[in-house]
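In what follows, a single structure is set out as structure tokens and then discussed.
Keep in mind it's a predicted model, so treat the numbers as computed, not measured. Chain letters run A, B, ... following the sequence lines, proteins first and then strands; every chain starts at 1.
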2 protein chains.
Amino acid sequence: MEKPPTIKDVASLAKVHAATASRALNPQTRGKVSTRTANRVLEAAKTLGYAPNSAARMLRTKTSSVAGVIIPDLRNPVFPPIVRGIEDGLHEAGYMALLGNTDGDEERERELLLAMRGRQTDGFILATGRRTDPAPTVPTVLVNRRSDAGDVPSVTNDNNAGIFSAVELLASLGHTRIGHAAGPQGLSTGWERYRAFVDAMDSHGLAVEPGRVTFATAFTEEAGYRAAMALQGDVTAIIAGNDLIALGCYSALAERGLCCPDDVSVVGFNDMPFADRQRPGLTTVRIPHYEMGLEAARLLLERIANPTTPAKRVILPVELVRRGSVAPPR
Amino acid sequence: MEKPPTIKDVASLAKVHAATASRALNPQTRGKVSTRTANRVLEAAKTLGYAPNSAARMLRTKTSSVAGVIIPDLRNPVFPPIVRGIEDGLHEAGYMALLGNTDGDEERERELLLAMRGRQTDGFILATGRRTDPAPTVPTVLVNRRSDAGDVPSVTNDNNAGIFSAVELLASLGHTRIGHAAGPQGLSTGWERYRAFVDAMDSHGLAVEPGRVTFATAFTEEAGYRAAMALQGDVTAIIAGNDLIALGCYSALAERGLCCPDDVSVVGFNDMPFADRQRPGLTTVRIPHYEMGLEAARLLLERIANPTTPAKRVILPVELVRRGSVAPPR
DNA sequence: TTGTATGCGTTATCAT
DNA sequence: ATGATAACGCATACAA
């Protein structure tokens with residue numbers, strides 16, 4: 001375990017002073033150094049396998065090139081591609097991701113934010129946003145979900161268009177008794193999709209009966225199952241708050257002895273990995289997971305570079321993917 | 001955005017020297033300070049909302065309480081639960097995870113290792129280990145895969161037992177022409193499972209015909225499809241190198257107009273999320289994903305605390321899960 | 001264009 | 001038990 005080389009080692013190998021080496025190594029200031037010496041330094045760095053000590057750099061510059069990424073649970077299949085997109089986006093700018101899971105627990109989220117801030121994190125990407133979250137004091141971008149506060153940058157999907165196209169499809173097949181197993185209303189995704197459902201039904205001249213809308217307490221298969229079991233009013237189709245809730249609907253239908261899609265059609269939201277391989281294949285609204293993460297990373301980098309820039313809200317387009325889970329009503 | 005208080009601010013408020021404040025603040029060294037002054041310092045810290053600057057601490061102590069976690073691709077469904085386990089394990093000791101994906105590219109892996117080491121990462125957990133990787137110079141634990149070098153701690157599954165039980169099941173159903181769509185042989189998982197397949201077939205008195213074993217170039221559905229298409233010798237059952245390869249087998253069988261399990265049985269490995277919801281449900285060897293990550297984190301923390309400790313190799317038990325993808329041969 | 005000097009905030013090693 | 005001092009590695013203002 002020999003200790004890693006410092007900038008001084010590089011400098012002495014290149015026969016220059018440490019300050020010169022620093023200037024040569026940093027792309028920002030490379031112009032202040034002659035090309036010849038710059039190359040010598042770069043080469044010396046390479047042969048020594050030099051990597052700058054970020055602790056020292058952080059101490060000096062007050063930036064860490066690290067972003068905190070906080071999500072509810074990596075095991076929810078929507079998040080891996082998003083996180084992967086974030087990581088690739090951060091990588092483009094030499095940033096890395098410090099990852100944390102909250103399990104939806106606000107306390108744990110606070111804890112994580114504090115711990116990450118203590119580690120000099122330059123900014124945050126949160127996939128945990130609740131609608132009522134306060135505006136943050138460090139550069140922050142919300143992804144997938146957003147808060148009601150208007151001044152926080154966010155990357156979300158066009159929930160409205162997605163739900164409209166789902167209702168449209170079902171209506172065009174002849175469904176009129178359409179139910180909604182909605183997601184949690186404390187999260188923007190659940191809330192927006194529910195609002196969109198009401199609007200879309202209305203604009204198709206379809207009634208939203210009270211018993212035909214239930215609310216899952218979480219975006220999980222289990223909660224979706226309970227929400228689906230609570231549905232009343234003899235629906236012929238269910239629009240679920242997301243894909244996991246839709247899988248819960250599958251279970252509930254099976255338990256009730258109903259067949260999907262013959263008795264009841266089901267539509268999900270997200271097109272999570274393997275949605276196409278469910279039984280039956282899940283009709284769902286595809287969101288661009290990876291691109292969301294990528295875009296969120298870029299937004300954050302922009303925000304870090306210039307914190308006073310106005311807060312963009314990026315809304316990415318979605319696409320309805322029809323699979324075996326929908327059919328005309330009996 | 002006024003600048004955060006430093007230890008000097010705390011010290012002057014408590015009317016002590018910065019060094020004393022440091023000793024009082026650090027639980028390790030608190031004993032070297034009188035209880036009275038310690039309390040005064042602690043209180044001062046609290047009223048100022050003092051949080052230590054981790055950059056300075058890192059620079060001084062050369063530790064960061066951060067571990068680098070490097071995996072091939074987060075979108076491969078085996079990794080999210082592993083990473084989640086790692087994160088929880090690290091969290092227990094106040095550590096956090098810096099995450100990086102390599103896409104199986106050695107160059108990118110080197111780059112990531114370097115960049116992370118520059119960020120003072122205390123150690124690494126690698127899920128990318130190739131069999132021929134050299135022994136690392138910083139505390140490192142391999143998870144899921146391991147290298148041939150004996151002195152690197154690792155957490156893996158009992159690949160041997162898993163494959164044996166798969167062969168056992170198929171043999172007991174009457175299969176004799178069993179094929180193997182193996183994983184890449186440069187990775188310990190692919191290699192060990194292939195070796196185990198040969199051994200298990202042998203100990204059941206079954207022949208391993210050359211055409212009945214093919215090798216996927218990667219642990220992906222696509223590569224599995226190609227490996228399955230290359231299989232010859234009229235097999236009635238296929239043991240796949242992992243679940244994604246097994247899904248590739250599903251596609252290949254469908255393309256050949258064969259039905260699983262009526263014409264050909266398929267067994268996977270990993271029991272990745274949603275393996276039970278495939279069509280047909282995938283018979284597979286369940287590995288304890290989350291626990292692997294948890295155990296890897298603990299091993300790493302142990303290793304960091306005491307680098308000279310002998311390198312443990314933890315092998316976790318597996319369990320065959322029978323689902324719809326296997327049946328007796330026609 | 002390059003070298004010199006200084007400080008970022010903390011903690012380890014002395015000295016008191 | 002506490003204070004003084006130095007050093008971690010880097011980046012920058014300033015001098016040459």
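The interatomic distance linking A/K15 (NZ) with C/dT2 (P) rounds to 15 Å, in whole Å.
Residues in residues 12-30 of chain B take part in no side-chain hydrogen bond (donor to acceptor under 3.5 Å, both in side chains) pair, two or more places apart or across chains. Sorted by first and then second residue, the salt bridge (charged side-chain N to carboxylate O under 4.0 Å, His left out) pairs involving residues 109-122 of chain A (not counting sequence neighbours) are A/E107-A/R110, A/E109-A/R130.
Residues meeting the side-chain contact (heavy atoms from CB on, under 4.5 Å) test with B/P77, sequence neighbours left out: A/F274, B/L244, B/M272, B/P273. Qualifying side-chain contact (heavy atoms from CB on, under 4.5 Å) partners for B/R146, counting only residues two or more places apart in sequence or in other chains: B/L142, B/S154, B/T156, B/S188, B/E192, B/R313. Every side chain to side chain donor-acceptor pair (under 3.5 Å) that A/R84 has, sequence neighbours left out, goes to A/D88, B/D73, B/D103. Taking B/K62 as the reference, nothing meets the side-chain contact (heavy atoms from CB on, under 4.5 Å) condition, with sequence neighbours excluded. Partners of B/A55 according to the side-chain contact (heavy atoms from CB on, under 4.5 Å) rule, which considers only residues two or more places apart in sequence or in another chain, are A/M58, A/L59, A/Q120, B/N53.
Along DNA chain D, read 5' to 3', the first and last nucleotides having any atom under 4.0 Å from a heavy atom of chain B are D/dA1 to D/dG9.
Judged by distance alone, with hydrogens and angles left aside, the side-chain atoms of A/N144 form no donor-acceptor pair with the main-chain N or O of A/A127 at under 3.5 Å.
Rotation axes derived from the C1' atoms of the five outermost pairs at either end of the helix from C/dT1-D/dA16 to C/dT16-D/dA1 lie 40° apart, to the nearest 10°.
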Query - nucleotides 10-16 of chain C: protein proximity per nucleotide (B base, S sugar-phosphate only, - neither; heavy atom, under 4.0 Å) - result: BBBB---
If you look only at distance, which donor and acceptor atoms sit under 3.5 Å apart when one is on a side chain in residues 303-312 of chain A and the other is two or more places apart or in another chain?
| unit_1 | atom_1 | unit_2 | atom_2 | d |
| --- | --- | --- | --- | --- |
| A/R303 | NH1 | A/T309 | O | 2.6 |
| A/N306 | OD1 | A/T308 | N | 3.3 |
| A/N306 | OD1 | A/T308 | OG1 | 2.9 |
| A/K312 | NZ | A/E302 | OE1 | 3.4 |
| A/K312 | NZ | A/E302 | OE2 | 3.0 |

Can you list, pair by pair, the side-chain donor-acceptor contacts under 3.5 Å of residues 38-50 of chain B, counting residues two or more places apart and other chains?
| unit_1 | atom_1 | unit_2 | atom_2 | d |
| --- | --- | --- | --- | --- |
| B/R40 | NE | B/A14 | O | 3.1 |
| B/R40 | NH2 | B/A14 | O | 3.0 |
| B/T47 | OG1 | B/A44 | O | 2.9 |

